[in-house]
Asks: 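What follows is a structure written as structure tokens; I'll ask about it next.
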Amino acid sequence: MNDVINGRCGWCGTDELYVKYHDEEWGQLVTDDKILFEFLVLESAQAGLSWITILRKREGYRKAFCDFDVERVAQMTDEDVQRLVQFDGIVKNRLKIKSTITNARQFLNVQKEFGSFYNYTLSFFPDRKPIVNTFSSLSEIPVSSPQSDAMSKDMKKRGFKFFGSTICYAHLQASGFINDHLMGCVCRKEEK
């Protein structure tokens, strides 16, 4: 894979949906807990699959999980799980569906304890500030970091599911707590 394709991080290739996601969302700091919950749902669903697969099902996840309303998802029941296992718009993995509900409940607990999931996430970062890496090659980008290791370990203790350090790192990249846009990327050039 080329490091940079059409001026962008090479991982997004030329697929329109991937390029739009890369340009408009990936690596941009998210402070809104609703969007952080959305990314948490999508990233945990991605475990073992390609990200483009999940991006293509994003609207299905939005419909299946109450427009990512964490309180409504936390109240879902076994009947909802049974219904969603039949729903074509998402990955029909019973464990992942159940984990989304479990994770919603834990997300609410974290919000109560820290005031927001955003505050909780920042607690794993030096000086409570996002990290901006200066990589020039895709091969330099790690699959985990001390922050994703610590956050994933803490989340596991709290009962979160499908959120190991690699998935956590992808979540931190997606939500801009770790900016891994390559130095040659157009998104890096637009930063101030």
Side-chain angles (χ1 to χ4, degrees), residues 3-4 8-12 18 21-48 51 54-55 58 61 68-71 73-74 99-100 102-192:
D3 290 324
V4 177
R8 292 175 176 82
C9 299
W11 60 261
C12 72
Y18 237 177
Y21 168 74
H22 169 275
D23 290 0
E24 297 176 10
E25 294 182 86
W26 192 75
Q28 295 187 22
L29 185 62
V30 174
T31 59
D32 182 317
D33 271 16
K34 180 175 176 152
I35 298 169
L36 289 173
F37 179 66
E38 176 178 352
F39 277 128
L40 187 138
V41 170
L42 297 174
E43 293 290 353
S44 61
Q46 186 256 332
W51 182 238
I54 301 304
L55 271 184
R58 191 177 198 174
Y61 276 92
F68 301 109
D69 181 326
V70 67
E71 290 180 5
V73 175
S99 77
T100 298
T102 298
N103 290 351
R105 293 170 183 158
Q106 298 312 321
F107 193 96
L108 291 172
N109 290 336
V110 165
Q111 284 180 316
K112 260 186 233 161
E113 184 178 340
F114 289 84
S116 69
F117 197 81
Y118 170 74
N119 285 336
Y120 169 71
T121 305
L122 277 183
S123 74
F124 294 97
F125 287 80
D127 303 322
R128 298 180 50 85
K129 292 186 176 157
I131 293 170
V132 179
N133 287 319
T134 54
F135 301 129
S136 296
S137 169
L138 293 173
S139 63
E140 295 176 71
I141 299 174
V143 297
S144 65
S145 70
Q147 294 77 24
S148 69
D149 292 347
M151 185 172 171
S152 171
K153 185 177 179 182
D154 187 73
M155 289 175 76
K156 187 176 184 176
K157 273 193 230 168
R158 292 172 183 275
F160 284 87
K161 306 289 183 202
F162 285 98
F163 218 74
S165 187
T166 300
I167 293 294
C168 187
Y169 190 80
H171 171 75
L172 295 172
Q173 288 174 306
S175 55
F177 290 91
I178 296 176
N179 184 337
D180 277 342
H181 280 288
L182 296 179
M183 293 307 290
C185 176
V186 294
C187 291
R188 183 51 69 96
K189 291 179 179 112
E190 292 170 4
E191 291 174 4
K192 295 178 171 72

Asks: Residues in ring pair (Phe, Tyr, Trp, His ring centres under 6.0 Å) with Phe39, at least two apart?
Replies: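 None.
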Asks: Report the C-alpha distance between Thr134 and Arg188 in whole Å, list the side-chain angles of each, state the deciding distance to 0.1 Å, and finish with yes or no for side chain to side chain contact (heavy atoms under 4.5 Å, CB included).
Replies: CA-CA 9 Å; Thr134 54; Arg188 183 51 69 96; 4.2 Å; yes
Asks: My understanding is that only one of Trp26, Phe117, Tyr118 makes a ring pair (Phe, Tyr, Trp, His ring centres under 6.0 Å) with Phe177; could you say which?
Replies: Tyr118
Asks: For the pair Asp3 (side chain) and Gly10 (backbone), establish whether a donor and an acceptor sit closer than 3.5 Å, ignoring hydrogens and angles.
Replies: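 No; zero donor-acceptor contacts below 3.5 Å.
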Asks: Any sub-3.5 Å donor-acceptor pair from Ser152's side-chain atoms to Asp149's backbone N or O?
Replies: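 Not confirmed, Ser152 side chain does not pair with Asp149 backbone.
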Asks: Find the distance between CD1 (Ile35) and CD (Gln28) and round it off to the nearest 0.5 Å.
Replies: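 Nearest 0.5 Å value for the CD1-CD distance: 10.5 Å.
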Asks: Is any side-chain heavy atom of Leu182 closer than 4.5 Å to a side-chain heavy atom of Ile141?
Replies: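 Sidechains of Ile141 and Leu182: in contact.
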Asks: Which atom names give the shortest non-hydrogen contact between Lys129 and Leu122, and what distance separates them?
Replies: N-CD2, 4.2 Å
Asks: Might you point out which heavy atoms bring Ala74 and Arg105 nearest each other, and give the distance in Å?
Replies: O-NE, 2.7 Å
Asks: As an exercise, state the distance from CD1 of Ile178 to OG of Ser145, rounded to the nearest 0.5 Å.
Replies: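 Interatomic distance, Ile178 CD1 to Ser145 OG, rounded to 0.5 Å: 4.0 Å.
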Asks: I'd like to know whether CD of Glu71 has more than 12 heavy-atom contacts from other residues, nucleotides or ligands below 6.0 angstrom.
Replies: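 Open: at most 12 neighbouring heavy atoms sit under 6.0 Å from CD of Glu71.
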Asks: Take Arg58 and Glu38 through the test side chain to side chain contact (heavy atoms under 4.5 Å, CB included) and record every step on the way to the result.
Replies: CA-CA 9 Å; Arg58 191 177 198 174; Glu38 176 178 352; 2.8 Å; yes
Asks: Just so I know, are the side chains of Pro142 and Tyr169 near enough to count as touching, which here means a heavy-atom distance under 4.5 Å?
Replies: yes
Asks: Determine, stepwise, if the pair Glu113 / Asn119 fulfils side chain to side chain contact (heavy atoms under 4.5 Å, CB included).
Replies: CA-CA 10 Å; Glu113 184 178 340; Asn119 285 336; over 6 Å; no
Asks: What distance separates His171 NE2 from Leu42 CG, expressed to the nearest 0.5 Å?
Replies: 10.5 Å
Asks: Heavy atoms, side chains only, cut-off 4.5 Å: are Cys185 and Val4 in contact?
Replies: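 With C-beta onward as the side chain, the pair stays apart.
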Asks: With heavy-atom distances below 4.5 Å as the criterion, would you say the side chains of Glu43 and Trp51 are in contact?
Replies: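 A side-chain contact exists here, since the closest heavy-atom pair is under 4.5 Å.
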Asks: For residues Tyr18 and Arg8, determine if any side-chain heavy atom of one lies less than 4.5 Å from a side-chain heavy atom of the other.
Replies: no
Asks: Do Trp11 and Asp180 have side chains that get closer than 4.5 Å, going by heavy atoms?
Replies: no
Asks: To the nearest 0.5 angstrom, please state how far the CD atom of Gln46 sits from the CG atom of Leu55.
Replies: 9.5 Å
Asks: Tell me the closest heavy-atom pair linking Leu40 and Phe163, and the distance in Å.
Replies: CG-CE1, 3.9 Å
Asks: For Val73 and Phe107, run side chain to side chain contact (heavy atoms under 4.5 Å, CB included): C-alpha distance rounded to whole Å, both residues' side-chain angles, the deciding distance at 0.1 Å, then the answer.
Replies: CA-CA 11 Å; Val73 175; Phe107 193 96; over 6 Å; no
Asks: Could you tell me which non-hydrogen atom of Gly27 sits nearest to which non-hydrogen atom of Asn179, and how far apart they are?
Replies: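 In terms of heavy atoms, the two residues are closest at O-ND2, 3.9 Å.
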Asks: So does Asp154 pair up with Arg158, basic N to acidic O under 4.0 Å?
Replies: yes
Asks: Please report the interatomic distance SG(Cys12) to NE2(His22), rounded to the nearest 0.5 Å.
Replies: 4.5 Å
Asks: Applying ring pair (Phe, Tyr, Trp, His ring centres under 6.0 Å), can you list everything that pairs with Phe162, at least two apart in sequence or on another chain?
Replies: none
Asks: Could you walk me through whether Ser165 and Ser148 satisfy the side chain to side chain donor-acceptor pair (under 3.5 Å) test, starting with their C-alpha distance in whole Å, then the side-chain angles of each, then the deciding distance to 0.1 Å, before giving a yes or no?
Replies: CA-CA 5 Å; Ser165 187; Ser148 69; 3.0 Å; yes
Asks: Just by distance, do the side chain of Asp33 and the backbone of Ser116 share a donor-acceptor pair under 3.5 Å?
Replies: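 Checked: no pair found.
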Asks: Okay, side chain of Ser144, backbone of Thr166: is any donor-acceptor separation there less than 3.5 Å?
Replies: no
Asks: Which heavy atom in Val70 sits nearest to a heavy atom in Ala104, and how many Å separate them?
Replies: CG2-O, 3.5 Å
Asks: For a quick test of reading the model, state the closest non-hydrogen atom pair linking Asn133 to Ile131 and the distance between them.
Replies: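 Looks like OD1-CG2, 3.5 Å.
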Asks: For Lys156, look at atom NZ and say whether over 12 heavy atoms of other residues, nucleotides or ligands are found less than 6.0 Å away.
Replies: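 Check fails, neighbour count at 12 or below.
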Asks: Can you find a pair of side-chain heavy atoms, one from Phe125 and one from Leu172, that are under 4.5 Å apart?
Replies: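 Heavy-atom side-chain distance check passes, below 4.5 Å.
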Asks: Do Ser123 and Met151 make a side-chain contact, defined as non-hydrogen atoms from C-beta onward lying under 4.5 Å apart?
Replies: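 They are not in contact (no side-chain heavy atoms under 4.5 Å apart), so the answer is no.
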